Every structure is written in C-alpha cells, then in structure tokens.
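Every value quoted in this text rests on a predicted model; they were computed, and no experiment measured them. Every number for a ligand or one of its atoms is a count from 1 in the order of the listing.
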Amino acid sequence: MKCFSVCPHDCPDACALEVEITDNVVKRIYGSKDHPFTQGVICNKTAHYKEVIYSDKRVLYPYKRVGEKGTNDFKRISWDEAIETIVSKWHGILKDYSSDAILPYSYAGTEGVLNNASMDRRFFNKLGAAKLMRTICSAAGSKGFELAYGKALGTNPINTVDSKLIVFWGVNALVTNLHQAVFAQKARQNGAKIVSIDVEKNETAQFADEFYHINPASDGILALGIANIIINENLYDSEFIENNTYGFDSFKELVKKYTPHIVCKQTGISEKQLNKLSIEYANTHPSFIRIGNGLQHHLNGGFNTWAISLLPALVGAWKFKAGGAIKSNSGYFPINRNLLERPDLLLSKPKTVNMVELGKALSDKENPIKSIYVYNSNPLVVAPNHNLVKRGFQREDLFVVVHERLWTDTTMYADIVLPATTFLEHEDLYTSYWHNAIAFAQRAIEPLGESKPNIEVFSMLALAFGFKESCFKDNAYDLASQALDNDYFKSNNITLNRLLREKFIVLESIDYPYKNLAYTKSGKIQFKNKEAIDLTGKDLPECTNFSTSYPFVLITPPNKYFLNSTFAHIEHLRKKAQAPYVKINPIDAAQYGVKDNDDVEVFNEQGSCILKAVVCEDVKEGVLVAKGLYWADDYINKQPINTLTSDKTSDIGGGAVFFSTGVELKKL
Ligand SMILES: Nc1nc2c(c(=O)[nH]1)N[C@H]1C(S)=C(S)[C@@H](COP(=O)(O)OP(=O)(O)OC[C@H]3O[C@@H](n4cnc5c(=O)[nH]c(N)nc54)[C@H](O)[C@@H]3O)O[C@H]1N2
Ligand SMILES: Nc1nc2c(c(=O)[nH]1)N[C@H]1C(S)=C(S)[C@@H](COP(=O)(O)OP(=O)(O)OC[C@H]3O[C@@H](n4cnc5c(=O)[nH]c(N)nc54)[C@H](O)[C@@H]3O)O[C@H]1N2
Ligand SMILES: [Mo]
C-alpha cells in the first residue's frame, strides 16, 4: 500500500512524501514526484525515518521514575496512572503556589500545525500555566524582517529559477533548505550567478560561484556598506523607493557612516570584493537573497536582518517576480490560530518565560517553576547554557513530565515519561515557512505500543482536570477544519474535504509581495521604524558588532546528517557525521600547538567540551566551527556543545544567540 504524508521536521522544505506500507509496517519513504517543491527529492535524513519509528530507543509505554534523576531507572505504568499522577501533582502546585509555577516547554519536534500548537495551547491557557516565549530558532530575524515589511512573507521560491543573482546569506541551503539549492542550480543553468556569504566555507559556499568569507555577526555592517556604495554610485531605484518605502532620507544619512574602509575592517571582506558585490547586486535583475539563521543567531541578529532585508527595496528587486528575498514565508498561511489555541480561555496574567533562558527560569528561587511539561523538544541537547539547564532538571523539587518518541537526554530527568506517536502514526495539517503548499496527512500506520499524539494527551489531561469546554473534545479532523475556518480559505475553496481528496493544494502565488504594498503600519517598506526605538533606542538599523573577551567566537550550526538533535541516535548517520569535531584555522592551530585530529578542550565560564580538531581554512582566524547537535554521550567528557553557548538574548525579538559565544581553547 502507498500512502501520502508530509515530512514534519523543522525545515523550510516541508517535503511531500510517499510511504510504502506492508501489513502496517513502513517499508520505504520517498519524495512525492507530483509536488512542485519536493519534485521527488528528499534528504538523507527523512529517507531513514523508518529507523526512528522502529528504533530500540522508542518510548512505547508510559513510565514513572523509580531511581535517582538522570539514572534512567524507570518502571512501566498505565496511562491512567500517568495522567492521575500528573493531575494530582499539579493540583498540589495550584494549591501551594500558582498556576504559572507550571511551565510548558515545546518547540518544533513536529511542524504539523495541530500537534505543534492547538490542544496544548488550549489546555495551558485554561490552566493559566506560565507563557513560553518560543524564541529558540528565528525570533531575532523575524522581528528584524517585520520592522521593514510587517509580515513574514517574501519571494515565492518557485519563481527563483528565473533569478539572475542568488545570494545565500548566512544560510547553508545545500544542507538546510535543499530544494532552494535545487532551484538555484536551475537558475544557474539559465545564466544566474550564485553567491554565498558565510563564516564557514561550508557546502553551500563550495556550491556557489563566489564566496564572501565574513567575520561573525558583521553582516548588518556589510549590508549598510553595500547600501552606501549603491547610493553613492546612484544605482538605487529612486522610483521604487519613492512609491513604496518610508524613511529613505534618514537611511541615506545613516549609511554614510559605513564607508568601505570601516566596513572592510569590520567584515574582513576586501574593498575589491565589497565593490564587486555592491555593483553586481545593484545592476543584476532579478536578484534574490535567501536570508538564513546564521546571521540571526547573534546578539545583533535582529538589526542584521533588518539591514539586509532593506537591500531588495533599495534596488527595486521586488518589482520582479523572481526578485526580492525570503527570510520566512510563513505569512502565506493565515491559519485561524485563535480558534486553534483559544487565547480567550486564559483568564489570569501568567508570567512569561523566554525559552532561551530556561536555565535561569529553573533557578529562579523567588517565583519558582515547580513543574515542567516538555513535548516537541529535547532541551537537554538543544537549549543554550546546558549545565544551568541540567542543574534545573536535576532539582528534586521540580516535577518533570516528558512526552517523547524516544529515550533522549531529556527523558533521563523525567518523573513521568509519556510515549509519543511519530508523524506516520497520527493525522496533521502541514504548511511550510518557505513554500506555499498546504497539505493534510492521515495516519499511515497504527500507533506503536501505547503511544499517543500530542492532541490526544492534552485532551486526556483536560478531561482529567474536569475542563468542561467542548473544544477539549476536538479531534485532529475537527481541529484541521477550525484551522481553515476563515475568509481566505473559504473564498479560495480550501477545505479539509478537498485536502483529503487532493492531498495538497498550492496556494495562489503572491508574485509581487511588496510592490505598492507592505504590511507595516505606514503601509510602506520601512527604512526607518519608530517601533525599534522602544526596543533599542534607535529607529534606524544602525548596525554594530559585539565583542568578546575570549580569543575565539564559536559557531555551532546544524549538521548535514541530523535535524537539530533528531536522527543523532542513528548509528550510521552518526558515523557519517564523524565524531564531534571543531574546525580551526591553521594559523590559530599553530599558535596553540594543535594538529589535525588532536583532542582539544574548548571552554568558557559555563563549562568545557572536548572535540577533535580539524585544521583547515574553512574558518578564519579567531573563529571555530563545531557542528551539532550530538547527544551528550557522543562527547568524550559527556558535555554537549550547548554547554558553551550563550543564553543571552538578541537585540530585538528576544531571540537565541547561539553563535555569539566566546571561547578559549586548549590542546589536550
Ligand atoms: N540538515 C539539517 N537541516 C536543517 C536543520 C538541521 O539541524 N539539519 N535545522 C533546521 C532548522 S530548525 C533551522 S532554523 C534551519 C537553519 O538553517 P540555516 O538558515 O542554514 O542556518 P544555520 O545552519 O544555523 O547557519 C547557516 C550558516 O550561517 C553561518 N553563520 C554563522 N554565523 C554567521 C554570521 O554571523 N554571518 C554569516 N553570514 N553566516 C554565519 C553558519 O556557519 C552556517 O554555515 O535549518 C533547518 N534545516
Ligand atoms: N548550539 C546550537 N543549538 C541549537 C541550534 C544551533 O544551531 N546550534 N539550533 C536551534 C534551533 S534553530 C532550533 S529550531 C532548536 C530545535 O530544538 P528542538 O525543537 O528541541 O528540536 P529537536 O532536537 O529536533 O527535538 C525535537 C524533539 O521532539 C520530539 N518529537 C517529535 N515529534 C513529536 C511529537 O509529535 N510529539 C512529541 N511529544 N514529541 C515529538 C523528537 O523526538 C525530538 O526529541 O535547536 C536550537 N539549538
Ligand atoms: Mo530552527
């Protein structure tokens, strides 16, 4: 039997899948050929998803902890006992503390709209639990792009095959947005040039025609330097600017400060390269910039993104179907979040917790968190400042519930572990933050063991708490209909029934998202925005860099063979990814007496991590690159890479700043 599904992973491509099933067992997974974005191609990770479903690390039943935290000593229990234990513990907390002493913690283990955010939000709203700010991925850049455009919407990627200049800026597309790289390759066959701007000579840099090796977090400065040259050379599109933007005169003044001399010193890019890039960008149409997470995961990530995202407005790239930029395209899908999440059920004003600061929140003694409920995330691997997070989870007085597909570094600290279905065992509605196709996938196989989807578990908890609202009885089909319940989907005749018949529907293409329109308060693209004053004291994207007292900046981007911490338990993928390593420039290596394949200790005030040295020119002096996200056991000293990363937050948006991490190095 063949079954349609959609890859649920936190990845822009949201691939449509064909799944071969025999006797309720998944045999093979491949990319759907009919889907205009997937085109029959999927990555080497999802192709191995079978190994997640049938892994011996799968959690198949509810368990309670019987030994010490962290020792993996659990006893199987029934669902009834699990739910009763949670409800009785939480009633105790409600009595002795307050409802916001209970913290939900989730991110994007599944991007399925329903199992990502629907029944869980209803439940925690009604309970009055603490509000989690879900900032770990792209909050800084989202806010930066929004300051300019008001909405997470950019170029339709299908149009980029006709672009003539494609800039991969702080994005390792070959690894993290594969189908955008496929489109870029088509564009190149049609005469386009591909540029990569990155701190590492990574897979995408090698694929590109030209590579700009930039110093970490100096991207905003580069963007303003490019703007300065384009304005000085009179190569900007004054007509487009006049008709579509706000605040250009102030911006023009601002960029005067970003002289080639200053910009080259800060970015490490030569004057010749800077000139070439600026002139080519201004003169080549249509041009398209894919703005990645690399430049956002920094202390100045919001302003970096704001500055870069103004370049297409400066040169009028939005006048072309194949021109513009993509930071995120989630704005394509006006899902009815109010109906799904029911914010009206929240009657109190609970405290908010920024997920980047999880460790700090768990060590707050004045307003203590007494219980955490983790789902769709693996915080003991993915959260910054790992040791502080771990100390929090080790607290004897913290009641920890983890709903998981697998036994992970996080389940180790759970009091109650609940078994979760994989995406092929439940229904969900799928969108994308890159393309414009919506889909509904039915379950392909029956749930393994006693595993249950998120939606069902939160329904059970609501029932056990005696919540009377009928919305707590909704199933995935009810929820999907509610998600599509608004004028946009109605007038486009996009219904659940149609999705069940057709599998996926490509929404109408928005070909010129910012010609004569922007979603900001002024209705214009904003070179200047008063809203930024409250956040930073500045109303223009005045970019600076951060400094560190350590000799190295450590960059820890994702790995080709894993998806964040997912897939990192699969033996042959780990082998391909190699033992956790750190790339170091030959000049630094010589200074520290480090040779290829040496064990080195990378450390800072938060802790230390032992890695294998790879001496190469992929990184500049003063920069180290260590790819993640392996689980703790894969490191010689059992300290995962996030031991070192910063839990500070970005200039705007409260975003994660994983890559603004200072470290020192020692040869072992
Ligand atoms: N294979 C795979 N694919 C994934 C993921 C995965 O874990 N594995 N994760 C998914 C998720 S959740 C996300 S958010 C996306 C992220 O995917 P991307 O948007 O590609 O972001 P990153 O891979 O974090 O960083 C991209 C590049 O930016 C570089 N970089 C770091 N700092 C800077 C800087 O200051 N300036 C510049 N110009 N470059 C810098 C990094 O070295 C890296 O090469 O990928 C998704 N896709
Ligand atoms: N050092 C460093 N750290 C990073 C990053 C980095 O670049 N460098 N990237 C950051 C980014 S961009 C992101 S987005 C985060 C990602 O952080 P997470 O969202 O935590 O991502 P994963 O590691 O994939 O963990 C997801 C977990 O959810 C579980 N899961 C999957 N489906 C379901 C389900 O249906 N129900 C339940 N209950 N559980 C499910 C999976 O088994 C898995 O353990 O990591 C961040 N951490
Ligand atoms: Mo992410």
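Atoms of ligand 2 lying under 4.0 Å from at least one heavy atom of Y375, given by number and element, are 38 (N). Ligand 2 places these atoms under 4.0 Å from at least one heavy atom of A420: 36 (N), 37 (C), 38 (N). With ligand atoms numbered from 1 in the order given, ligand 2 contributes 20 (O), 25 (O), 44 (O) to contacts under 4.0 Å with heavy atoms of N378. Ligand-side atoms of ligand 2 in range of T556: 1 (N), 2 (C), 6 (C), 7 (O), 8 (N), range being under 4.0 angstrom from any heavy atom.
Contact annotation for V171 and ligand 1: heavy atoms of both the backbone and the side chain come within less than 4.0 Å of the ligand. When heavy-atom distances to ligand 2 are checked against a 4.0 Å cut-off, V382 comes that close through both its backbone and its side chain. At a heavy-atom cutoff of 4.0 Å, ligand 2 is contacted by no atom of T422, backbone or side chain. Neither the backbone nor the side chain of H297 has any atom closer than 4.0 Å to an atom of ligand 1 (non-hydrogen atoms only). Counting heavy atoms under 4.0 Å from ligand 2, residue H426 touches it through the side chain alone.
Considering backbone and side-chain N/O of F658, none are found under 3.5 Å from N/O of ligand 2. Of the polar atoms of Y107, none of the N or O atoms is found under 3.5 Å from an N or O of ligand 2, judged by distance alone. Where the criterion is an N or O separation shorter than 3.5 Å, residue side chain and backbone included, E404 meets it with respect to ligand 2.
Here the protein heavy atom with the shortest distance to atom 40 (C) of ligand 2 is N376 OD1, 3.5 Å. With respect to atom 20 (O) of ligand 2, the closest heavy atom belonging to the protein is S377 OG, 2.7 Å.
At least one heavy atom of L563 sits less than 4.0 Å from an atom of ligand 2.
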